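Report on the structure given below.
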Amino acid sequence: MLIPRRRFLRSAALTGLAAGTIGFSDRALALAPQRPAMLTHDAFTFIFLTDTHIQPELNASKGCLDCFRQARAANADFTIQGGDHVFDALGVPKSRALTLMDLYKQTADTLGHDVHNTMGNHDVMGVYTKSGIAPSDPLYGKKYYTDNFGAPYYSFTHKGVHFVVLDSIGITPDRSYEGYVDPEQIAWLSRDLAAMPVGMPVIVSTHIPLVTAVEDYAPPPGKAPAHQGTRVKNAWQVLELFDHYNVIGVFQGHTHVLETVTWHGVPYITGGAVSGNWWHGTRLGTPEGYLTVRVEQGRVVPDYVTYGFRSVDPKNT
């Protein structure tokens, strides 16, 4: 069966007046009953695209270019890139990592508007020992990302909505990675949220999910991984903060599936992947695509949009 080019899926949890997409969560209201009515803001649209995994192979660079050209036509106010810009900086020589970054940045210029970037695990350089890159290299680890995109975590405000971009990548002592938000960042997040006007809507971007059920969708791996790389291992510390504020949506990447899980009234929306199954077709039913997100009346209304990519080496899962 052919997949429609546009509007492949819209999560049932986000259709109409679905629970969890409007206003404060019940727990947030209980914790802070003195809060005034939610602040109003102008409606607008942004793009959330994630897991581009650009590379010269598998027509990936053309796929990214086609995706960005289509996304530009949506006339969104800006794009949030959800991480894993390249494939891959973790375990390749430095020359390859630098070439991939150059290729990504040249292609991303096609979007033609502001892009707010989120760090992905494949966006840190040389962490795997097979890369041959020493930790003393000036671009080792997250420096590769920050030299190209700036701060690993930050916030900004747009038309009365506060956006928070998190760094969910923890680099482990044994030169691997895990989903982790470190104490310094949690302290910053606490201060950042506390400084907002009371009732301001908040939208969050994280690469590795805070909340996901993806581990239930496929058989478990034959060998348990050494680190928790599927989700943020200390997510509860972040979720506890969110309970006190008007968080209207959390956008996530990493798993390459389209999924919404609602927790304490907040939709945690995993936004598929521009690369689908790493440029091999459909990943657990989700084809290559991205989200257009309408922000209106204190809620987010996302729509997953495909862009017609056809893998030269399909290996659908």
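A quick note: this is a predicted structure, and the numbers were derived from the prediction, not measured.
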Between the side chain of E259 and the main-chain N/O of A213, is any donor-acceptor distance below 3.5 Å? yes
Kindly give the heavy-atom pair with the smallest separation between F78 and I80, and that separation in Å. CE1-CG1, 3.8 Å
Would a hydrophobic clustering, with Ile, Leu, Val, Met, Phe, Trp and Tyr connected at side-chain separations under 4.5 Å, put F87 with M101? no
Any idea which heavy atoms bring L90 and N121 closest together, and the distance? CG-O, 3.3 Å
Given 3.5 Å as the limit, does a donor-acceptor pair link the side chain of Q185 with the main chain of S168, or not? no
Residue pair V115 / F149, side-chain heavy-atom distance below 4.5 Å: no
Ring geometry between Y307 and Y290 (parallel below 30°, tilted from 30 to 60°, perpendicular above 60°): tilted
Using a distance-only test with no angle check, is there a side-chain donor-acceptor pair under 3.5 angstrom linking D174 and H227? yes
Taking atom types as modelled, is there a side-chain donor on T212 or T270 under 3.5 Å from an acceptor on the other? no
Any idea how F163 and F46 line up, ring-wise: parallel (<30°), tilted (30 to 60°), or perpendicular (>60°)? perpendicular
Is the side chain of N246 donor-acceptor paired with the backbone N or O of G199 at a distance under 3.5 Å, no angle test? yes
Heavy-atom count around E57 CD within 6.0 Å, excluding the residue itself: above 12? yes
Less than 4.5 Å apart, side chain to side chain, heavy atoms only: is that true for L258 and L291? yes
H162 versus T157, side-chain donor and acceptor atoms under 3.5 Å: yes
Tightest non-hydrogen contact, residues M119 and D123, listed as C-OD2, 4.0 Å
Exam field: side chain T118 to backbone T206, donor-acceptor pair closer than 3.5 Å: no
Side-chain heavy atoms of L210 within contact of F242, under 4.5 Å: yes
Under a 3.5 Å cutoff, is there a donor and acceptor pairing between the side chains of T286 and H256? no
Looking at every non-hydrogen atom in both residues, tell me the closest pair between P56 and L100 and how far apart they are. CD-CD2, 3.8 Å
